[in-house]
A.B. asks: 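So that we are looking at the same thing, I have put the structure below in structure tokens.
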Amino acid sequence: MSETFTRTAPPVPEPAEPEAYRLLAAWWRANARDLPWRFGRTTPWGILVSEVMSQQTQMSRVVPYWTEWMAVWPDAAALARASSAEVITAWGRLGYPRRALRLQECARRVTQEYDDRLPDDYQSLVDLPGVGDYTASAVLSFAFGRRVAVIDTNIRRVLSRVFLGVESHGGTATPAERKMAQEVLPVGEEESVIWNQAVMEVGALVCLPKAPRCEQCPLRGSCLFLKDGLPGLGQGRTRPRQGFKGTDRQVRGLILAALRGHPAGWVLDRGKVEGLWADQARLGACLASLDDDGLIEILPGGSIRLPI
DNA sequence: ATCCCGAAGC
DNA sequence: GCTTCAGGAT
């Protein structure tokens with residue numbers, strides 16, 4: 001029967017993307033990690049919580065925190081009612097604890113301004129505290145099923161390699177990268193969601209920054225970067241990374257670690273505070289910055305506690 | 001050492 | 001655009 005249509009069917013060239021999508025979707029079904037917020041098992045709010053926790057943090061570390069967090073505070077209204085001290089303690093050692101306070105402030109605004117229902121438009125989402133371009137786009141795609149080109153560091157790396165044949169560079173995504181991400185995004189909403197998730201997952205599991213496992217990659221057949229011999233592999237993307245040992249971030253972490261997990265109103269006295277770090281100038285600066293961030297309260301005598 | 005499903009402040 | 005925000009895994 002194919003012969004019947006050979007003459008009449010115009011020779012429409014098959015675009016590359018539909019084939020890439022088919023391969024990617026099949027790979028996704030077989031290899032997607034079974035994260036608890038995937039596959040329709042949570043609410044849009046649960047998706048948002050997972051995205052905020054995942055900012056600069058590995059999935060494997062996020063999963064237990066997310067599970068416990070959602071058990072205690074299943075929706076925005078519940079989180080809005082918690083004390084800051086409870087929230088900071090529950091954030092534990094996930095890192096970047098300002099995210100915890102922003103998430104709670106976000107919960108309070110969602111509760112008050114949106115009747116405990118996460119808004120489903122980009123502008124409202126990105127206006128929420130702790131929600132930037134990536135998180136707003138991810139929520140629109142993963143929670144609301146909307147057709148949005150999600151751009152994170154993994155997706156940038158994968159798409160740049162496959163469709164442009166080069167490493168993505170550091171810094172903000174360029175207009176060219178955003179344009180390309182839009183152009184290769186499948187037209188259908190459902191397909192676009194799987195595409196976003198699958199490209200991100202390939203970036204996390206296969207298309208690694210320095211040692212990509214190209215032989216496992218569903219896109220190896222159409223990857224310009226692979227075809228060109230992985231030119232400049234691992235170059236050009238990395239921002240200069242700040243160290244950790246001896247920095248303010250380590251000291252801040254020590255201070256909060258000393259405060260977490262105690263009964264409400266528990267106070268660390270001045271003497272104990274001074275023993276947390278030898279360099280008192282740096283210690284004082286970190287205490288001040290934590291106070292500025294609303295992560296601790298400095299009491300008149302120099303003792304500290306988590307904020308109520 | 002580098003990376004991790006970035007955001008916000010400057 | 002550049003820097004600062006934790007902390008763990010590899």
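Computed from heavy atoms alone, side chains included, the values below leave out hydrogens, waters and symmetry copies. By convention in this document, chain letters (A, B, ...) are assigned in the order of the sequence lines, proteins followed by strands, and residues within each chain are numbered from 1.
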A.B. asks: So if I take every side-chain heavy atom of A:F244 and compare against C:dC5, C:dG7, B:dC4, which nucleotide ends up nearest?
C.D. replies: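 Closest nucleotide among those given: C:dG7.
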A.B. asks: Regarding A:S141 and A:N196, is there a side-chain donor-to-acceptor distance under 3.5 Å anywhere?
C.D. replies: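 Their side chains do contain a donor-acceptor pair, which is all the 3.5 Å distance test asks for.
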A.B. asks: Would you indicate which nucleotide in B:dA8, B:dC4, C:dC5 comes nearest to any side-chain atom of A:D248?
C.D. replies: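 Minimum distance to the A:D248 side chain belongs to C:dC5.
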A.B. asks: Quick check for you: among C:dG1, B:dA7, B:dC4, whose closest atom lies nearest to any side-chain atom of A:T172?
C.D. replies: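 Nearest to the side chain of A:T172 among the choices is C:dG1.
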A.B. asks: May I ask you to say what A:G132 touches in the nucleic acid, namely base, sugar-phosphate or nothing, with a heavy-atom cut-off under 4.0 Å?
C.D. replies: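 Sugar-phosphate only.
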A.B. asks: Closest approach to the side chain of A:R260, judged atom by atom: which nucleotide of C:dC5, B:dG6, C:dG7 is it?
C.D. replies: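 So the side chain of A:R260 is nearest to C:dG7.
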A.B. asks: Within a strict 4.5 Å, meaning less than it, do heavy atoms of the A:L128 and A:R109 side chains meet?
C.D. replies: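 A side-chain contact exists here, since the closest heavy-atom pair is under 4.5 Å.
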A.B. asks: Between C:dG8, C:dT4, B:dC4, spot the one nearest the side chain of A:R93, thanks.
C.D. replies: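 From the listed options, C:dG8 comes nearest.
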A.B. asks: Quickly work out the A:Y96 OH to B:dG9 P distance and round it to whole Å.
C.D. replies: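 Atom OH in A:Y96 sits about 16 Å away from atom P in B:dG9.
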A.B. asks: Tell me which nucleotide among C:dC5, B:dA7, B:dC4 gets nearest to the side chain of A:T135.
C.D. replies: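 The answer is B:dA7.
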A.B. asks: Taking only the side-chain heavy atoms of A:Q58 (C-beta and beyond), determine which of C:dG8, B:dC3, C:dT4 contains the nearest atom.
C.D. replies: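 Minimum distance to the A:Q58 side chain belongs to C:dG8.
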A.B. asks: Is the backbone of A:T57 close enough, under 3.5 Å, to the side chain of A:Y96 for a donor and an acceptor to pair up by distance?
C.D. replies: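 Side chain of A:Y96 to backbone of A:T57, a donor-acceptor pair under 3.5 Å: no, none is there.
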A.B. asks: Under the rule for side-chain contact (heavy atoms from CB on, under 4.5 Å), what residues qualify as partners of A:R220, not counting sequence neighbours?
C.D. replies: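 Counting only residues at least two positions away or on another chain, A:R220 forms a side-chain contact (heavy atoms from CB on, under 4.5 Å) with A:C217, A:L226.
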A.B. asks: Would you kindly give the CD1-to-P distance between A:I88 and C:dG7, to the nearest whole Å?
C.D. replies: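 The distance from CD1 of A:I88 to P of C:dG7 comes to 13 Å, rounded to the nearest Å.
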A.B. asks: Between atom CD in A:Q56 and atom P in C:dA9, what is the gap in whole Å?
C.D. replies: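 Checked: the CD to P distance equals 17 Å.
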A.B. asks: Nearest to the side chain of A:Q55 - B:dT2, C:dC5, B:dG6?
C.D. replies: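 Of the candidates, B:dG6 comes closest.
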A.B. asks: Of the options C:dC5, B:dC3, B:dA7, whose atoms approach the side-chain atoms of A:P209 most closely?
C.D. replies: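 It is B:dC3.
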A.B. asks: Mind checking if A:R61 touches a base, just sugar-phosphate, or nothing, with heavy atoms under 4.0 Å?
C.D. replies: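 Since a base atom lies under 4.0 Å of A:R61, the category is base.
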